[in-house]
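One structure is given here, and the rest of the page talks about it.
Hydrogens, waters and symmetry mates play no part in the numbers below; they use all other heavy atoms, side chains included. Being a predicted model, the structure only gives us computed values, none of them experimental.
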Amino acid sequence: MRKKVIAGNWKMYNDIPASVNLISELKKSLSGQEIKADVIICPPFTSLDTAKTLIEGSVIKLGAQNMYFEENGAYTGEISASMLKSAGCEFVILGHSERRTIFLENDQLINKKIKKALSSALKPIFCVGETLQQRESGTTESVIKTQVTEGLSGVSAEDLKKIIIAYEPVWAIGTGKTASPDQAQEVHKFIRTLVEKLYSKEAADEIIIQYGGSVKPENASLLLSQPDVDGALVGGACLKAESFFSIIKAA
Ligand code: PEP
């Protein structure tokens, strides 16, 4: 059975003191609780090292929100996989829609990042999702198919085991609009079937597919109870320990 994975994407929120507060509060909520899900936080780069120290001995795991695919070099403003490893990261979010739309990342670049993360022992949380216009024009499945296929190009079956796919409809991110449990399930099932075609039934059964897009304490249980929804990638609601904890409890 697949274990649920709840990840919090802090985006560009929380300086170091605010990060210390949020992690301390989250640890307080989690302590003494029986937590059945995996819990990941993805703070900004500047808080990673502090977070690494604070989460020691807790169930919380650490991820980053982005990285570049080169090992090192003259890439001003970028950060490498090995830097993230040395800061204590186990995971890295790649292909988030904000990276795709604001920073113009395409499937080829995301694929290079995924392969570099894997070869550096970082586990990618690989985001895919359609825009509202794409959904309304009936191209959701073809958009998702291209993003998944291109993003995973050249990734071995063994490495696929280290990848989490996050289905995040762009129209639901930060908008308060959530995909209905049926809409989420439909696309998750589509992705799982696609993974079966690209790899195998075993790979499809094993892969964790998270839903992301305005997940809140009020809608988490229903979304997470769908058979192909294996967790959540949470933005806004992970910035308050109480609401992130409620989502973890729902899982
Ligand atoms: C996200 O940033 O991945 C996300 C899903 O954000 P929100 O939960 O705020 O929609």
Side-chain angles (χ1 to χ4, degrees), residues 5 7-13 38 40-52 61-131 134 142-170 173 191 194-195 198-199 203 206-210 212 231 233-235:
V5 182
N9 172 15
W10 291 17
K11 311 197 190 204
M12 199 172 73
Y13 291 103
D38 279 337
I40 305 165
I41 56 167
C42 303
F45 296 136
T46 45
S47 293
L48 288 173
D49 191 46
T50 306
K52 172 191 170 186
K61 298 174 182 189
L62 194 61
Q65 299 172 24
N66 183 34
M67 53 159 260
Y68 196 52
F69 65 86
E70 294 286 1
E71 185 59 37
N72 47 43
Y75 303 104
T76 303
E78 291 298 323
I79 193 151
S80 73
S82 57
M83 289 168 189
L84 297 182
K85 277 298 284 184
S86 73
C89 291
E90 189 180 336
F91 297 87
V92 59
I93 299 173
L94 295 173
H96 191 280
S97 72
E98 286 150 18
R99 301 293 319 172
R100 290 177 188 262
T101 51
I102 304 169
F103 301 99
L104 308 180
E105 294 195 6
N106 62 25
D107 293 327
Q108 287 68 40
L109 175 63
I110 294 160
N111 175 249
K112 283 185 185 166
K113 292 184 177 195
I114 288 175
K115 289 197 279 204
K116 182 63 186 176
L118 289 165
S119 68
S120 311
L122 277 173
K123 298 173 187 157
I125 300 177
F126 166 37
C127 303
V128 296
E130 81 288 1
T131 62
Q134 289 163 336
S142 70
V143 167
I144 301 289
K145 184 176 177 191
T146 303
Q147 290 178 347
V148 172
T149 310
E150 302 271 320
L152 295 180
S153 171
V155 171
S156 70
E158 206 40 45
D159 274 345
L160 184 75
K161 294 181 183 162
K162 296 163 203 147
I163 296 181
I164 293 173
I165 296 180
Y167 167 57
E168 298 207 304
V170 180
I173 298 178
I191 294 172
L194 180 58
V195 170
L198 293 172
Y199 291 89
E206 268 179 35
I207 195 155
I208 300 292
I209 308 175
Q210 294 177 316
L233 180 53
V234 184

Closest heavy-atom contact between [X] and [Y]?
X: Thr131; Y: Val170; result: CA-CB, 3.9 Å
X: Ala51; Y: Pro43; result: CB-CG, 4.1 Å
X: Pro44; Y: Trp10; result: CD-CE3, 3.8 Å
X: Val155; Y: Leu160; result: CG1-N, 3.9 Å
X: Leu233; Y: Ala166; result: CD2-CB, 3.9 Å
X: Ala64; Y: Leu48; result: CB-CD1, 4.2 Å

Does the [X] side chain pair with the main chain of [Y], one donor and one acceptor, at a distance under 3.5 Å?
X: Asp49; Y: Ala87; value: no
X: Asp38; Y: Val5; value: no
X: Glu90; Y: Lys61; value: no
X: Gln147; Y: Ile144; value: no

If you measure only the distance, is there a donor-acceptor pair under 3.5 Å linking the side chains of Ser153 and Glu150? no
Between the side chains of Tyr167 and Glu130, does any donor sit under 3.5 Å from an acceptor?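 Checked: Tyr167/Glu130 side chains pair up, N/O donor to acceptor below 3.5 Å.
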Give me each pair satisfying salt bridge (Lys or Arg N to Asp or Glu O under 4.0 Å) with a member in residues 151-168, each pair once, sequence neighbours excluded. Glu158-Lys161, Asp159-Lys162
Got a sec, which pairs hit salt bridge (Lys or Arg N to Asp or Glu O under 4.0 Å) with one end in residues 66-86, sequence neighbours left out?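 Residue pairs with at least one partner in residues 66-86: Glu71-Lys116.
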Do Glu105 and Arg100 pass the salt bridge (Lys or Arg N to Asp or Glu O under 4.0 Å) test, and can you show the C-alpha distance, the side-chain angles, and the key distance before you say yes or no? CA-CA 4 Å; Glu105 294 195 6; Arg100 290 177 188 262; over 6 Å; no
For Cys42, side chain to side chain contact (heavy atoms under 4.5 Å, CB included) partners two or more places apart: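 Side chain to side chain contact (heavy atoms under 4.5 Å, CB included) list for Cys42, sorted by chain: Ile40, Gln65, Ile93.
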Within residues 75-122 or reaching into it, pairs that qualify as ring-ring contact (aromatic ring centres under 6.0 Å, His included) - sequence neighbours excluded: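 Applying ring-ring contact (aromatic ring centres under 6.0 Å, His included) to every pair that reaches into residues 75-122, excluding sequence neighbours, yields Tyr68-Tyr75.
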Salt bridge (charged side-chain N to carboxylate O under 4.0 Å, His left out) involving Lys11 - partner list, sequence neighbours excluded: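 Once residues adjacent in sequence are excluded, the partners of Lys11 under the salt bridge (charged side-chain N to carboxylate O under 4.0 Å, His left out) criterion are Glu98.
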Who passes salt bridge (charged side-chain N to carboxylate O under 4.0 Å, His left out) against Lys115, sequence neighbours left out?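 Not a single residue meets the salt bridge (charged side-chain N to carboxylate O under 4.0 Å, His left out) criterion with Lys115.
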